[in-house]
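One structure is given here, and the rest of the page talks about it.
Values below: every heavy atom of this structure, side chains too, minus hydrogens, waters and symmetry copies.
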Amino acid sequence: MAKLKPSSGSPNPLGSHYDGEGVNFALFSAHAEKVELCLFDKTGVTETARYEITQSDNNIWHIYIPGLQPEQVYGYRVYGPYKPEEGHRFNPNKLLIDPYGKKLVGKLIWHKALFGYDVDSPERDLSFSTLDSAPYVPKSVVVADDYDWEDDAHPQTLIEESVIYETHLRGYTKLHPKIEDKKRGTFAGFHANSVLRYLKWLGISAVEFLPVHAFFGNRHKKGFIKDNYWGYESFSYFAPEQGFLYSNELSEIKDMVKAMHKQGLEVILDVVYNHTGEGNQLGPTICYRGIDNAGYYCLNKDNKRYYYDSTGCGASFNLENPYVLKLVMDSLRYWYQEMHVDGFRFDLATTLCRVKTEFKQECGFLYAVKQDPVLSKAKLIAEPWDIGYGGYQVGGFMSGWLEWNDKFRDVVRRFWKGDESQVPGLASRIAGSSDAFNHSGRNITSSVNFITAHDGFTLRDLVSYNQKHNLANNENNRDGTDSNWSWNSGMEGESDNAVVHENRLLRMKAMLSTLMLSFGTPMMVAGDELGHTNMGNNNPYCQDNAITWLNWEGISRTEINLAAFVRRLIRLRKQLRIFNRKSFFVGKPVGKNKIKDISWYNELGHEMTTAEWQDGKRKSLAYSVYNEKKYIFCILNANYKETEWALPDVGKGYEWKLLFDSSDKFKMSKKLNDEKKITVPAWSVILFEICK
């Protein structure tokens, strides 16, 4: 390439921007002394030109190169002090990707040249590496947005109408028989008609994808035999993971989003802004560390060689730095506006809200999101915890935010496991967890109710294993939680025993029923409706194989019936138009009929007394909900045997209509309006409508 004559360009926008005549490049670094722009051929193998960037305004280094076109491949070399003890780790021998780069080319090859220090030196990260990393790292690519979105629009499904379906893009389609081999495990594969028709049939409203930003996946890192399949090691917040693109074209993502929107399905991305794949002081130098280590990361205030880490992943991202906060906000806006995704689930969100290492609701990140006119339209979901001091913050976020509610998860698991003293907690979770969320103008939808997630047992494993079985992870079964609140129904692992099998199926149906017949925003994991098993592995973060991939061709008749059961549940939840409630319950009469908005009953047909709430042996509960249009009554029986239940006296002129029985074992001997007692099957959920 003939060397083109550059000009100073503009500090905005950050990243690379094609204007029809050339490309403007802009990069933040507050402590750099010199920056070079390196251009490569389309393969990213051969460097074709190098330009020194001499212009820096307010910590933004910028240059304009006329004549460059979209698909130009590039990277940066950043000069400055290599003084880890002062927090600086500049090394111009390391080629760095653009933090704002929207596309990558080339694969990351694990090599000691990736590190800013000499990995063979006894001084470790205090040493300095002179090896050139360019042959081993992906490079950024200039892109131009010329995609035709046609009439695509965000579905904007109301939160109170939402049912979220968490899945892994690759694992969901890798074994799908109706997808072309080359497209399995990719964005292009996910928007196959067979996939979208199934999701529409099931009735979910939104698909929440595990991370799709470009991530390390360990790539055979020394000491790691397995790759990180989940993707919680992002090293770019704009560029997608190349392994999810079968042709490396961004249009694949847009095609998928557009196709999902046509089916009324929303797209939610799991995003990891709390840390990066560069890890701690012994990690590689791929991007942020080499651009401005002291700016992008939270350093240990007592020794800047090390990092403050509330994530357990090496180093917390420094959102107190306005340039880093801007990066996160720009990334969110990019994916919402230009890629048309509908919302975000924030991994370890507490870390994003730390001010001088302490969680603060009055933090720059939450304020920035709250005032943003674009992101105010997006669905925002927090994982409200990290491992730092004061990291557990369920209920601690602002109005407008949804939060994963692990309190719901644990009590539902324990109740249907048969544990004692679970009824009071279960009642609180069914009613929307007002103890956590009824403040600051928040509503009942703030609670994202879930029983299983990517992290932990699948629903089938929850009823099939007493202990985790993670030996395949090569960590001697030390990884993964031991607090599973699971019960194997009498036999560990897979079983042909008819009694064990029936118990497992009954409890799976009961837990799914509890999820869909509770107040809040329900989330389920893809595959639970099909009885998917991870073979007892409750931490399959590194299992990019048949352990985690959905086995579409191996689905049994029982599992097909379970999916139909879930479909019926979701449809019932939506049709009743009572579970779309937004306001919290007050437990007082409403409307002209003077019926309480929510009431709790014992098996004698009476409202629960204080003594009965305190009875730890109790393993059943009933509730009624009234909203002036609908009046429902639900019984949850976690006893190992059927239970006689007296129906409450709701007044004259009412009839009882059976809407749902999770066990399919409930029998009515005569009209319910004439009955005093019914027999509720073991391990079952029964729902009635009380109507005139």
Side-chain angles (χ1 to χ4, degrees), residues 160 405 407-408 411-412 415 422-439 441-447 449 513-522 572-615 618-638 643 645-660 672-673 675-678 680 685-692:
E160 60 268 28
N405 186 356
K407 295 179 180 180
F408 182 96
V411 76
V412 172
F415 177 78
Q422 299 306 306
V423 166
L426 179 68
S428 178
R429 303 310 148 212
I430 287 174
S433 298
S434 62
D435 57 330
F437 299 105
N438 190 9
H439 64 84
R442 307 187 74 180
N443 63 46
I444 212 165
T445 64
S446 301
S447 174
N449 299 332
S513 302
T514 307
L515 175 65
M516 293 301 168
L517 301 180
S518 294
F519 292 85
T521 305
L572 178 63
R573 177 185 174 89
K574 292 179 178 179
Q575 288 177 341
L576 279 175
R577 306 219 36 92
I578 199 168
F579 292 98
N580 61 347
R581 182 187 182 96
K582 294 180 69 174
S583 60
F584 285 97
F585 293 99
V586 294
K588 295 181 179 180
V590 296
K592 62 182 180 180
N593 291 319
K594 303 299 181 181
I595 300 172
K596 287 183 181 180
D597 58 358
I598 192 167
S599 300
W600 304 94
Y601 294 93
N602 61 23
E603 66 277 9
L604 300 177
H606 302 146
E607 290 196 49
M608 294 277 286
T609 65
T610 299
E612 287 167 339
W613 283 117
Q614 295 173 347
D615 179 7
R618 182 171 297 278
K619 295 186 181 180
S620 59
L621 179 69
Y623 67 89
S624 68
V625 174
Y626 177 71
N627 69 355
E628 296 192 72
K629 295 181 180 180
K630 291 284 185 180
Y631 192 7
I632 63 166
F633 185 83
C634 185
I635 304 172
L636 302 93
N637 182 25
T643 301
W645 203 283
L647 298 176
D649 182 5
V650 296
K652 294 182 179 180
Y654 284 99
E655 292 187 359
W656 294 72
K657 177 183 177 183
L658 178 66
L659 298 178
F660 176 80
L672 277 177
N673 57 328
E675 288 191 8
K676 299 298 182 183
K677 289 186 178 181
I678 59 174
V680 181
V685 176
I686 297 179
L687 181 70
F688 298 97
E689 182 178 1
I690 307 172
C691 45
K692 288 283 189 178

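Glu607 meets the salt bridge (charged side-chain N to carboxylate O under 4.0 Å, His left out) test with Lys596; sequence neighbours excluded. Residues that satisfy the salt bridge (charged side-chain N to carboxylate O under 4.0 Å, His left out) test with Asp435, not counting sequence neighbours, are Arg429. Under the rule for a side-chain contact (heavy atoms from CB on, under 4.5 Å), the partners of Val412 that lie at least two apart in sequence or sit in another chain are Phe408, Trp416, Leu426, Ile451, Met511, Thr514. Residues meeting the side-chain hydrogen bond (donor to acceptor under 3.5 Å, both in side chains) test with Lys574, sequence neighbours left out: none. Applying the side-chain hydrogen bond (donor to acceptor under 3.5 Å, both in side chains) criterion to Arg618, with sequence neighbours excluded, gives Glu603. Scanning for side-chain contact (heavy atoms from CB on, under 4.5 Å) contacts around His439 gives Arg442, with sequence neighbours left out. Residues passing the ring-ring contact (aromatic ring centres under 6.0 Å, His included) test with Phe633 are Tyr601, Trp656, sequence neighbours excluded. Applying the side-chain hydrogen bond (donor to acceptor under 3.5 Å, both in side chains) rule to Ser599 yields no partners; only residues at least two apart in sequence or on another chain are considered. By the side-chain hydrogen bond (donor to acceptor under 3.5 Å, both in side chains) test, Thr609 is found to be paired with Glu612, residues two or more places apart in sequence or in another chain being considered.
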Side chain to side chain contact (heavy atoms under 4.5 Å, CB included) evaluation trace for Leu517 with Val685: CA-CA 9 Å; Leu517 301 180; Val685 176; 4.0 Å; yes
From CA spacing to verdict: side chain to side chain contact (heavy atoms under 4.5 Å, CB included), Ile678, Ile635: CA-CA 11 Å; Ile678 59 174; Ile635 304 172; 3.9 Å; yes
Derivation and outcome, side chain to side chain contact (heavy atoms under 4.5 Å, CB included), residues Cys691 and Tyr631: CA-CA 7 Å; Cys691 45; Tyr631 192 7; over 6 Å; no
What pairs of donor and acceptor atoms, side-chain ones from residues 580-593 against any protein atom, are under 3.5 angstrom apart with sequence neighbours left out?
unit_1	atom_1	unit_2	atom_2	d
Asn580	ND2	Glu161	OE2	3.4
Arg581	NE	Ser583	O	2.7
Asn593	ND2	Tyr626	OH	3.0

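Of all non-hydrogen atoms in Cys634 and Leu687, the two that sit nearest each other are CB-CD1, 3.7 Å. Taking each heavy atom of Pro522 and Arg573 in turn, the nearest pair found is CD-NH2, 3.4 Å.
The aromatic rings of Tyr623 and Trp600 sit tilted, their planes meeting at an angle between 30° and 60°.
With 3.5 Å as the limit, one finds a donor-acceptor pair spanning the side chains of Ser433 and Asn405.
The distance from the CD1 atom of Ile686 to the CG atom of Leu636 is 9.5 Å, given to the nearest 0.5 Å. Atom CH2 of Trp645 and atom CG of Asn602 lie 7.0 Å apart (nearest 0.5 Å). Here the CD-CD1 distance, from Glu160 to Ile444, works out to 11.5 Å after rounding to the nearest 0.5 Å. Atom OG of residue Ser624 and atom CD1 of residue Ile632 lie 8.5 Å apart, to the nearest 0.5 angstrom. Put simply, OG on Ser447 and CZ on Phe519 are 12.5 Å apart, with the number rounded to the nearest 0.5 Å. For the atom pair Gln575 CD and Leu659 CG, the distance stands at 10.0 Å (nearest 0.5 Å).
Proximity of a side-chain donor or acceptor of Asn449 to a complementary backbone N or O of Ser518 within less than 3.5 Å is not detected.
For residues 620-630, the set of pairs meeting the salt bridge (charged side-chain N to carboxylate O under 4.0 Å, His left out) definition, not counting sequence neighbours, comprises Lys630-Glu689.
Considering only heavy atoms from C-beta on, Phe415 comes within 4.5 Å of Val423 through its side chain.
Around NZ of Lys692, the count of heavy atoms belonging to other residues, nucleotides or ligands within 6.0 Å exceeds 12.
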